[in-house]
Amino acid sequence: MKHDARGIAKVALTVVAASFLFGFAMVPIYRIACEHVLGIKLSGEAADASRVALMTVDESRTVTVEFVTGVNSKLPWDFKAENVRVSVHPGALTEVWFDATNNSTAAIVGNAVPSVAPNEASPYFNKTECFCFTEQTLQAGESRRMPVRFVVDPQLPKSTTTLTLSYTFYANELATRQLSLLSAPLDGIAKN
Amino acid sequence: MAHAAVHDTHDTHDHKPQGFLHRWLFTTNHKDIGTLYLVFALIMFFTGGSMAMIIRAELFEPGMQLVQPEFFNQMTTVHALVMIFGAVMPAFVGLGNWMIPLQIGAPDMALPRMNNWSFWILPFAFLLLLSTLFMPGAGPQGGWTLYPPLSLQGSNSIAFVILAIHMMGISSIMGAINIIATILNLRAPGLDLLKMPIFTWSWLITAFLLIAVMPVLAGAVTMLLTDKYFGTSFFNAAGGGDPVMFQHIFWFFGHPEVYIMILPAFGIVSEIIQTFSRKPLFGYQAMVYALASIAFLSFIVWAHHMFTVGMPLGGEIYFMYATMLIAIPTGVKVFNWVTTMWEGSLTFETPMLFAIAFVILFTIGGFSGLMLAIVPADFQYHDTYFVVAHFHYVLVTGAIFAIMAATYYWLPKWSGNMYSERWGKIHFWMSVISVNVLFFPQHFLGLAGMPRRIPDYNIAFADFNMISSIGGFWFGASQLLFVGVIVHAVYFSKNRATSKVWEAAKGLEWTVPSPAPHHTFSTPPVIDDSMLAHGDVSH
């Protein structure tokens, strides 16, 4: 009559397909909204060294940086910060150390995921060196001392006096499996 | 249209197809498919209801008495999935199938064969979902919202659950497309959009919500599936994903979904109140625009389900105010229902009793929703029994009461017989009292801090839980009366219904005989505006 039922169904199916794709588009949209609308830094990449070098040390201010460490239940590691908090001047390069120990009897690859609270302060926290930038492989029983070097941006809003940097270590199951395959095939071939 | 015309020619003398297979399995008749949907929804209502009985039995006293905690968690998860996707949504689709063609003077749905398919997918989807309860490693235990990582840490039955959800989604999407095509395409000449019955309007808007958000749910559960089995890391923090993102995607579907479950109820209640007030619906156009506003707002408030994830303050404030904004169009609806009844010649037949109970009790659920919208208060209420009380007020005394009201209202048209008014009223009073005994104390439990989704609790919560459980068993048992009244009306009642059924009923569905013949409006009716409830555009 007024429209063709098949035509309406086709338009409706297009809407359905578009919303299905929109569900997946929300993955990049989420990242964009966090970084550009809400000002939360999600990327775990190293800060631009030349930009950090231009920052001047603000001796008049002290910011407390606290460290929280956690290990996902699937990873049999110990993981601790050597100091739970440090006081720093914004603009000053600071080095802190973290210790990780693999308690298991096999080599395991782990990845640390960082997070800064309060999250609106996250763009002002610049890491120039971090164990979280790369995979960490610990052999059975191995311990490692790992540095983090960071600079707090002097433009950090005055209202923020404490920053909390939290790390959670996760087992990188894919890399661990590949690691065991690299050593295992030799045994397998020998048996054949 | 072509399908319907062909169908009509080989079946002209209102002969129903004979034999179970031809009558029901291969049916393309909107009335038969509507009946199938409604019967299926009733079976699922009792399936989900028996799970609720297990939950309330375990919570009758503190301590673990009847079931294992793992089984309890499966019950809460599957109860929700069955009730949402198996009972409430199919019941509304069934009502839409039965009534929309009758209300707009159409011979059938626009896409009758797709209609058959959208129903017959459902029994298989629920077979798949319910079979997970008997699988080694047990069914889903992480709650119906399927939040990762918890939902992915259980057994492989999650893959069955995800496939079942895909099938339910395909079924609802096809149903929605059919309803949109029917309403836009098959209205009788002269039935303008703004003269359409309000129930048809509510379904048109609901159908648009369905096609917009069900695919988003499909996307979210597909990502869960690939995260678990194909090595992706959408929600896996170890691989650079973010579990909070799942909650955003899920609730982008989830909030429109809760309106999918209430908008047709608004339409039903509007129809019933005007009939038994013997007055046209007050502010018909305002009601239509309120439905549309609620539907629009439902897309921009989703994060109020997740205030405690650590959103920036600006986000929390935005989602708080946007959520509160919904109270305005909803308030328009509630006031218009009240104003429709104002100075009306009211009678209190069973459908009207359920509709009035809907207005009062749904409003209570709406108010507790407003309380939950307040961010600082929500930090206290989040994941407590207060939330459970809130959504059961809007879903049980809201959606389910409206479905029951609709059943009593239109059953004489479907079956040709009047139900027993006496037993209908007994069913109503038993239900309305017991449902408050069941859910009202849960507000107090939540405010006192009892968390939801737990099989055991502090003895401080013992008394109210016992009261709630008693109300639960009472409400559950009362629903057997509902089945009794329906079976009696369909098979045993001697009290024949007239074609108009109710004294002041208005609209095209009341111009066909009761029971509605297998084929109606094979030629489009000639419409006189006085036949329509909203033919007079001046009110």
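Per chain, numbering begins at 1; letters A, B, ... match sequence-line order. FYI, side chains are in, hydrogens and waters are out, and symmetry mates aren't considered; it's all heavy atoms of this structure.
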Just checking [X]: does its [atom1] atom have more than 12 heavy atoms from other residues, nucleotides or ligands closer to it than 6.0 angstrom?
{"X": "B/Phe296", "atom1": "CZ", "value": "no"}
{"X": "A/Gln155", "atom1": "CD", "value": "no"}
{"X": "B/Tyr321", "atom1": "OH", "value": "no"}

Next item on the list: Output the distance between atom CD (A/Glu120) and atom CG (B/Leu313), rounded to the nearest 0.5 Å.
Entry: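 Here the rounded value is 7.5 Å.
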
Item checked: Side-chain donor/acceptor of A/Ser19 to backbone N/O of B/Met214, under 3.5 Å ->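 Absent.
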
Which atoms of [X] approach chain B - backbone, side chain, both or neither, heavy atom under 4.5 Å:
{"X": "A/Ala171", "result": "backbone"}
{"X": "A/Val27", "result": "both"}
{"X": "A/Phe24", "result": "both"}

For [X] and [Y], which heavy atoms make the closest approach, and how far apart are they?
{"X": "A/Gly23", "Y": "B/Ile249", "value": "O-CD1, 3.9 Å"}
{"X": "B/Ala237", "Y": "A/Tyr170", "value": "CB-OH, 3.3 Å"}
{"X": "A/Met26", "Y": "B/His248", "value": "CE-O, 3.9 Å"}
{"X": "B/Ile177", "Y": "A/Leu13", "value": "CD1-CD2, 3.7 Å"}

Next item on the list: Select one option (side chain, backbone, both, neither) describing which atoms of B/Thr182 are under 4.5 Å from chain A's heavy atoms.
Entry: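 It is neither, since no heavy atom gets under 4.5 Å.
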
Checklist line | Heavy-atom contact with chain A under 4.5 Å, split by part of B/Ile211 | finding: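 Answer is both: backbone and side chain atoms of B/Ile211 are under 4.5 Å from chain A.
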
Note to self: Looking at chain B, which one of A/Thr168, A/Asn111, A/Asn119, A/Ile29 has the largest number of heavy-atom pairs inside 4.5 Å, strictly under?
What the structure shows: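 Heavy-atom pairs under 4.5 Å are most numerous for A/Asn119.
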
Checklist line | Check: A/Val15 and B/Phe208 side chains under 4.5 Å, non-hydrogen atoms | finding: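 Not in contact.
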
Check: What residue in B/Asp242, B/Val213, B/Val244 has the most heavy-atom pairs under 4.5 Å with chain A?
Finding: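 Most heavy-atom pairs under 4.5 Å with chain A: B/Asp242.
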
